[in-house]
Structure formats: structure tokens, C-alpha cells
Amino acid sequence: DAEITQSPRHKITETGRQVTLACHQTWNHNNMFWYRQDLGHGLRLIHYSYGVHDTNKGEVSDGYSVSRSNTEDLPLTLESAASSQTSVYFCASSNTGYEQYFGPGTRLTVT
Amino acid sequence: AQKVTQAQTEISVVEKEDVTLDCVYETRDTTYYLFWYKQPPSGELVFLIRRNSFDEQNEISGRYSWNFQKSTSSFNFTITASQVVDSAVYFCALSEAKSGYSTLTFGKGTMLLVSP
């Protein structure tokens with residue numbers, strides 16, 4: 001069955017370190033997305049991609065970057081982790097105009 | 001102004017009660033899509049329904065039903081005879097033309113607590 005996976009599921013890191021969160025989908029979807037979820041804010045879009053080598057900034061992109069070298073993967077990098085980036089991160093994928101399917105989430109704590 | 005407003009932050013009901021979760025959206029597009037997602041306590045996000053702006057028919061799926069009214073820009077979700085397993089956060093979302101109908105704008109969610 002097609003799926004979307006994220007790793008790691010939990011991560012604790014220190015302020016200033018670079019962190020990469022992985023996202024892998026086997027739906028063969030063109031579009032991939034990264035969100036963060038925080039209490040009181042719901043889901044906010046960080047970055048998204050419409051296809052290989054395409055990346056776009058979302059609502060809260062500062063301090064984050066992504067790259068898309070193939071259809072299946074969209075890793076999210078925190079250049080220099082900050083305590084404000086402590087959050088739950090969700091990856092999602094979709095075909096245009098259709099529902100997004102979400103990964104299980106990564107809980108990131110920056111100490 | 002919020003694009004998707006879920007005014008009910010939290011709702012508590014007793015099992016078997018009916019409950020309606022409200023969603024009001026804002027868009028200038030004539031073609032758009034609306035979605036509902038469920039996030040149970042385990043944390044995953046589960047897709048429930050997608051509705052395009054040209055289809056105003058109500059939809060029913062088991063105990064779940066959705067009422068889409070363009071005149072009031074609302075896409076409300078009703079759970080009939082609620083069960084404890086319905087306890088979750090429910091998100092309404094909007095997809096518009098400017099994003100190529102790809103990105104979603106989410107409401108802040110409504111937490112539903114169903115007690116036995």
C-alpha cells in the first residue's frame with residue numbers, strides 16, 4: 001500500500017544545531033508539503049514543492065529550507081535550530097486539486 | 001481576516017448526542033475546494049471529505065454528514081449519535097486557485113470531547 005513516512009518520529013536537539021527531518025512518500029504524488037503544528041495556531045505551512053527541483057516558501061518559512069531531488073522525498077532542514085522551532089512537524093503529499101495525505105508527524109524539541 | 005474560521009475552540013458532548021462543527025471560509029474564487037480532517041489523540045491527520053465549490057449537495061457517510069452552503073460561505077460537519085471514538089480535533093481547510101488548488105489553508109481546529 002502507498003504511504004507517507006517521516007523520520008525520526010521524535011528528536012531532541014540543542015539550540016544552534018542543524019537538523020534534518022525526512023519525509024518519504026510512495027503515492028507518486030507531485031506535490032509535497034511541510035507543516036508545523038502548535039497549540040493555538042493550528043497547522044501552518046512551512047515549505048512546499050510542486051515537483052522535482054521546485055520549492056516554494058509557505059507562511060512560516062524563516063529558518064527552514066527544503067530541496068526536492070526526486071519525487072518521493074522532501075527533507076526539511078532547520079539551519080540553526082531555535083527554541084521557537086520546538087513543534088510537531090507534519091509532511092503531506094497530494095495530487096493537484098485533491099486531498100493531502102499526511103505522515104505520522106515528528107515531534108521536535110529544541111533545548 | 002482568517003480565511004477559514006472555526007469559531008468553536010472546544011465542544012463537549014455526551015455519547016449519543018448529535019454535534020455540529022462549524023466552518024466559515026473566505027475566498028474570492030468561484031472555484032475552490034473544501035476539506036475536513038480529523039486528528040485523534042494519537043496525533044495522525046485523517047482525511048474525511050473533499051468538496052468542490054460547484055457541488056452543493058449535502059453528503060452523508062454513516063454517522064457523518066456535511067452541509068455546504070455557498071450563500072453563507074459555510075461547510076459544517078455534523079456527527080449524529082456521537083461516540084467516544086469521535087473525540088478528536090477536527091480541522092476544516094480551503095484550497096484556492098491562487099495556489100493551483102494545491103496548498104491548504106487550515107482553520108485552527110475544533111476539539112471535540114465525547115464522554116460516555
Side-chain angles (χ1 to χ4, degrees), chain A residues 1-10 23 25 27 29-51 54-61 66 68 71 74 87-108, chain B residues 1-10 21 23-25 27 29-55 59 61 66 75 88-111:
Chain A
D1 286 347
E3 61 177 355
I4 179 165
T5 58
Q6 294 182 235
S7 61
R9 295 294 312 279
H10 301 272
C23 175
Q25 55 102 358
W27 290 98
H29 286 157
N30 290 329
N31 306 324
M32 294 186 73
F33 310 86
W34 275 103
Y35 296 88
R36 60 178 289 173
Q37 185 176 28
D38 306 286
L39 271 176
H41 291 281
L43 286 147
R44 293 182 291 174
L45 184 63
I46 304 171
H47 280 286
Y48 58 102
S49 168
Y50 289 143
D54 175 76
T55 62
N56 305 279
K57 293 181 179 181
E59 178 188 356
V60 290
S61 60
V66 293
R68 185 98 179 265
T71 301
L74 187 70
S87 187
V88 179
Y89 291 86
F90 286 98
C91 179
S93 70
S94 76
N95 281 328
T96 300
Y98 291 86
E99 60 274 13
Q100 293 182 13
Y101 291 96
F102 284 81
T106 294
R107 185 174 295 275
L108 177 68
Chain B
Q2 284 182 303
K3 290 253 183 192
V4 179
T5 302
Q6 295 181 254
Q8 304 149 309
T9 306
E10 193 172 318
L21 310 181
C23 174
V24 174
Y25 61 92
T27 180
D29 292 346
T30 55
T31 302
Y32 50 90
Y33 294 89
L34 295 162
F35 304 80
W36 277 95
Y37 284 84
K38 174 182 179 179
Q39 187 175 38
S42 51
E44 73 272 23
L45 282 149
V46 179
F47 164 73
L48 295 178
I49 190 171
R50 176 178 72 106
R51 171 69 65 198
N52 76 56
S53 54
F54 295 106
D55 183 0
E59 175 131 354
S61 176
W66 290 269
F75 187 42
V89 180
Y90 291 87
F91 292 96
C92 181
L94 167 70
S95 178
E96 299 172 278
K98 69 175 184 180
S99 73
Y101 306 108
S102 292
T103 63
L104 297 179
T105 301
F106 284 86
K108 294 190 176 181
T110 297
M111 179 178 290

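Below, read A as the first sequence line, B as the second, and so on, with proteins coming before strands; counting in each chain starts at 1.
The number of heavy-atom neighbours closer than 6.0 Å to CZ of A:R107, taken from other residues, nucleotides and ligands shown, is 12 or below.
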Check the pair B:V46, A:Y101 against side chain to side chain contact (heavy atoms under 4.5 Å, CB included), reporting the backbone distance first and the verdict last. CA-CA 8 Å; B:V46 179; A:Y101 291 96; over 6 Å; no
Residues B:F35, A:E99; criterion side chain to side chain contact (heavy atoms under 4.5 Å, CB included); working and verdict: CA-CA 7 Å; B:F35 304 80; A:E99 60 274 13; 3.9 Å; yes
Are A:F102 and B:Q39 close enough, and set up right, to give a side chain to side chain contact (heavy atoms under 4.5 Å, CB included), and what steps lead you there? CA-CA 11 Å; A:F102 284 81; B:Q39 187 175 38; over 6 Å; no
Go through the steps to decide whether A:Y35 and B:F106 satisfy the test ring pair (Phe, Tyr, Trp, His ring centres under 6.0 Å), and finish with yes or no. CA-CA 11 Å; A:Y35 296 88; B:F106 284 86; 5.6 Å; yes
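Contacts between A:Q37 and chain B at a heavy-atom distance below 4.5 Å involve the side chain alone, from C-beta outward.
Rounding to the nearest 0.5 Å gives a distance of 5.0 Å between CG of B:L45 and CZ of A:F90. To the nearest 0.5 Å, the span separating OG1 on B:T105 from CG on A:L43 amounts to 11.0 Å.
Remark: side-chain polar atoms of B:Y37 are paired, donor with acceptor, to backbone N or O of A:Q100 under 3.5 angstrom.
With ring centers used as reference points, A:Y98 lies 6.0 Å or more from B:Y33.
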